[in-house]
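FYI, side chains are in, hydrogens and waters are out, and symmetry mates aren't considered; it's all heavy atoms of this structure. A note on names: the letters A, B, ... follow the listed sequences, proteins ahead of strands, and every chain is numbered from 1.
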Amino acid sequence: MLDIRWVRENAEAVKTAMINRNAEVDVDAVLVFDNRRREIIVEVDGLKAERNKISKSIGLMIKEGKDPEAIKAQVREMGEKIAVLDEEQREVDAQLRDALLYIPNLPANTTPVGKDESDNPVVRSWGEKVAFDFEPQMHWDLGETLQLFDLERGAKIAGSGFPLFTGRGAKLERALIQFMLDLHTEEHGYIELATPFMCNETAMTGTGQLPKFAEDMYTVSLDGLYPVPTAEVPVTNMYGNEILDQELPIKHTAYTPCFRREAGSAGKDTRGLQRVHQFDKVEMVKFTTPETSAEEHEKLTLDAERVLQKLGLHYRVIELCTGDLGFSAAKCYDIELWTAAQEKWLEVSSCSNFHDYQARRANIRYRNEDGKTTFVHTINGSGVALPRLVIALLENNQTADGSIDLPEALWPYMGGLQKLL
RNA sequence: GGAGAGGUGUCUGAGUGGUUUAAAGAGCACGCUUGGAAAGCGUGUGUGUGCUUAACGGUAUACCGAGGGUUCGAAUCCCUCCCUCUCCGCCA
């Protein structure tokens, strides 16, 4: 959520930012709500001040044995006026908040201006494309042949997009999760969390999934809960409505399954494990001061990259331009893995700096050096998402005989297994 | 799921309709005192919003789990909900 005072004073800058984002936002409507809200407050607070004063004098009159009935009538009238204004303020507050919740974050001034994904610059890349001296197989064929997953039976249980991993495939999932959690906790200084896999509406609103993207979420309507679309939601919101007294940055990592309806993307790149409704992911989340968030964002991105480096997978980092930036993000790097059989880049991580946008929605603050309560900056990134990581491992590490060479970093996690065959 | 007890500031904890402007204590900060420290003494010690100010601030209002209601006036009375604890039931 944007700071309404800032919007009030920088309406033109907000409008420009929204144009750069290709976002249709009625900034003027927000300003109208804001004006009306302040008008009401001036009037109603004045009335309340008067009422408080008179009410107190009624107490004194009763003590002195005087009859307060005449004054009571007068205050009652005032109370009716206050009730009307209170009600209107509630309405305007709700309208203003709702309008603000639908305004995306302002892009950081370092975020490149651009129209869509074709304007996203490549920041850097690591490793090289694998060259085969045989015809490489697609991961969906490798997976079925090696009995790592059984997508048909997964679909039988829950529907397409709900992968069923089997045998060594299931173990590979578990190994990758453990490998990543160990890396982030032991070498990158993150504190591990095991969170609820469902969140309520407040939490989903805090990080920006709601209200705008309700149709992307699964719902458990009987209980008002949402299966988490990312660990970002529980981890960020765990500090909601708090003034943090720990030293910043706070760094957390957590594994959760992620549930996404993927509404509107039916049929797009869905073969195999490329786009699924349920997937495993290890997430990193940081809470920082405004001064250090840019630096911590860069570091977090490098932490995600180390996962891929240790696994020896060729990747590139691109920076999202204003037109492609996610709703809540001010700045974002995507990390994409090269898949050697399909010969395309697959996004496995999205590392975003949200500035104080989520902190304002979720009300997460700290005391700065002057002792003033200030919104923290939140940063998060996948470190990393599993199914596409598995795709790259299968396609890139396959050999002529159809087996898969496992990277050395995974051997201990696979019980010493070095090869899937 | 049933029955009961609770939820007050950083913490402990008083407060069942009217100077409560939320007592008191602890903690914390600052000051005095001291060779230095402790003790002692003194002062201060939340959050949001509005108005005002160049700023420090000032001022009004709201906040005692959340949201409604009754009343001239609510931490206090009423309603709904949430959470915690104890016991029972069910259960991995």
message: According to side chain to side chain contact (heavy atoms under 4.5 Å, CB included), who are the partners of A:E295, at least two apart in sequence or on a separate chain?
response: A:K299

task: Provide the distance between the two P atoms, one in B:U76 and one in B:A62, to the nearest whole Å.
output: 14 Å

message: Please determine whether a side-chain nitrogen or oxygen atom of A:R8 lies at a distance below 4.0 Å from atom OP1 or OP2 of B:G50.
response: yes

task: Sticking with atom C1', work out how far B:G57 lies from B:G44, rounded to a whole angstrom.
output: 16 Å

query: How is A:I54 classified with respect to the nucleic acid when contacts are heavy atoms under 4.0 Å: base, sugar-phosphate, or nothing?
result: nothing

- request: Report the distance from atom CD1 of A:I62 to atom P of B:U71, rounded to the nearest whole Å.
  value: 15 Å

message: In the structure I gave you, are the side-chain heavy atoms of A:H139 and A:F149 within less than 4.5 Å of one another anywhere?
response: yes

message: With rounding to the nearest 0.5 angstrom, report the OG to CG distance, A:S293 to A:L248.
response: 11.5 Å

- prompt: Nucleotide by nucleotide, 5' to 3', does protein get under 4.0 Å of the base (B), only the sugar-phosphate (S), or neither (-) in nucleotides 62-68 of chain B, counting heavy atoms?
  reply: S-----S

- request: Taking side chain to side chain donor-acceptor pair (under 3.5 Å) as the test, write out the residues that go with A:S403, two or more places apart.
  value: A:T399, A:D401, A:K419

message: Using Watson-Crick or G-U wobble geometry with both distances under 3.5 Å, which nucleotide pairs with B:A74?
response: none

task: Tell me which of A:A73 and A:E50 sits closer to the 5' end of RNA chain B, going by the nucleotide each one is nearest to.
output: A:E50

task: Could you check which nucleotide pairs with B:U19 in any of the strands shown, counting Watson-Crick or G-U wobble with both distances under 3.5 Å?
output: none

- request: Please report, rounded to the nearest Å, how far the C1' atom of B:G48 is from the CG atom of A:L96.
  value: 15 Å

- request: Can you tell me the distance, in whole Å, between the NZ atom of A:K56 and the P atom of B:U20?
  value: 9 Å

- prompt: Expressed as a whole number of Å, how far does the P atom of B:G17 sit from that of B:C11?
  reply: 27 Å

- request: Ignoring backbone atoms, establish whether A:R76 has a side-chain N or O less than 4.0 Å from OP1 or OP2 of B:U71.
  value: no

- prompt: Which listed nucleotide (B:C72, B:U61, B:G50) is nearest to the side chain of A:V42?
  reply: B:G50

- request: Under the side chain to side chain donor-acceptor pair (under 3.5 Å) rule, collect the residues that match up with A:Y357, sequence neighbours excluded.
  value: A:R361

- request: Sticking with atom C1', work out how far B:U61 lies from B:A24, rounded to a whole angstrom.
  value: 28 Å

task: For nucleotides B:G65 and B:U8, find the distance between their C1' atoms and express it as a whole number of Å.
output: 10 Å

message: When the C1' atoms of B:C85 and B:C32 are compared, how many Å lie between them, rounded to an integer?
response: 47 Å

- request: Just name whichever nucleotide pairs with B:U59, Watson-Crick or G-U, keeping both distances under 3.5 Å, else none.
  value: B:G50

- request: Determine the sole option in A:D3, A:D28, A:D34 for which the salt bridge (charged side-chain N to carboxylate O under 4.0 Å, His left out) test with A:R8 is passed.
  value: A:D34

field: Value in whole Å for how far the P atom of B:G48 lies from CZ of A:R38
entry: 18 Å

- line: A:H188 meets the side chain to side chain donor-acceptor pair (under 3.5 Å) criterion, sequence neighbours left out, with A:H184, A:R306

- prompt: Side chains of A:Q358 and A:T378: is there a donor and an acceptor less than 3.5 Å apart?
  reply: yes

message: With a 3.5 Å limit on both atom pairs, tell me what B:G89 is paired to, counting Watson-Crick and G-U wobble, or say none.
response: none

message: Counting only side-chain nitrogens and oxygens, does A:R5 get under 4.0 Å of the OP1 or OP2 atom of B:U49?
response: yes

message: Under 4.0 Å between a side-chain nitrogen and a carboxylate oxygen: does that hold for A:D150 and A:K156?
response: no

- request: Classify the side-chain pair A:Q178/A:Y255 by whether it contains a donor and acceptor separated by less than 3.5 Å.
  value: no

task: Check whether the side chains of A:Q309 and A:Y315 place a donor and an acceptor atom closer than 3.5 Å, and report yes or no.
output: yes

task: Look through every strand shown and name the nucleotide pairing with B:A29 as Watson-Crick or G-U wobble, where both distances are under 3.5 Å.
output: B:U43

task: Begin from the C-alpha positions of A:K53 and A:E50 and carry the test salt bridge (Lys or Arg N to Asp or Glu O under 4.0 Å) through to its verdict.
output: CA-CA 5 Å; A:K53 218 191 275 173; A:E50 208 176 329; over 6 Å; no

- line: Result for 5'-nearest mapping on RNA chain B, choosing between A:Q89 and A:V75, is A:Q89

N/O contacts under 3.5 Å, protein versus nucleotides 6-9 of chain B?
none

query: Side-chain contact, heavy-atom cut-off 4.5 Å: A:T195 with A:V233?
result: no

message: Taking B:G9 as the reference, what is the distance to B:C64 when you measure between their C1' atoms (whole Å, please)?
response: 9 Å

B:C63 versus B:U21 - spacing of their C1' atoms, nearest Å: 15 Å

task: Take the protein atom CE of A:M61 and the nucleotide atom P of B:U19, then report the distance between them rounded to whole Å.
output: 17 Å

message: By the salt bridge (charged side-chain N to carboxylate O under 4.0 Å, His left out) test, which pairs, at least two apart or in different chains, include something from residues 234-249 of chain A?
response: none

task: With a 3.5 angstrom cut-off on both distances, give the Watson-Crick or G-U wobble partner of B:U84, or none if there isn't one.
output: B:A5

query: Does B:G50 have OP1 or OP2 sitting under 4.0 Å from an N or O in the side chain of A:R37?
result: yes

- request: Scan side-chain atoms only and decide if A:N368 and A:T374 contain a donor-acceptor pair under the 3.5 Å cut-off.
  value: yes

- prompt: Rounding to a whole Å, what distance do you find between A:L47:CG and B:C51:P?
  reply: 17 Å

message: Rounding to an integer number of Å, can you tell me how far A:E69 CD sits from B:G73 C1'?
response: 13 Å

query: Do we see a donor-acceptor contact under 3.5 Å between the side chains of A:N241 and A:N363?
result: yes

Atom pairs, N/O to N/O, protein against nucleotides 43-47 of chain B, distance under 3.5 Å?
from, atom 1, to, atom 2, distance (Å)
B:U47, OP1, A:R367, NH1, 3.2
B:U47, O3', A:R365, NH1, 2.8

task: Quick one: list whatever passes ring-ring contact (aromatic ring centres under 6.0 Å, His included) with A:Y102, sequence neighbours left out.
output: none

For nucleotides 90-92 of chain B, give me every protein contact, N/O to N/O, under 3.5 Å, one pair per line with atom names.
none

task: Going by the side chain to side chain contact (heavy atoms under 4.5 Å, CB included) test, name the single residue among A:T253, A:L183, A:V285, A:V282 that passes it with A:Y190.
output: A:T253

- prompt: Where along residues 192-212 of chain A does a heavy atom come under 4.0 Å from RNA chain B, residue by residue in number order?
  reply: none

- prompt: Pairs in or reaching into residues 318-342 of chain A: which pass salt bridge (charged side-chain N to carboxylate O under 4.0 Å, His left out), with residues at least two apart or in two chains?
  reply: A:R316-A:E336, A:E319-A:K331

- prompt: How close or far is atom P of B:G73 from atom CE of A:M78, stated in whole angstroms?
  reply: 11 Å

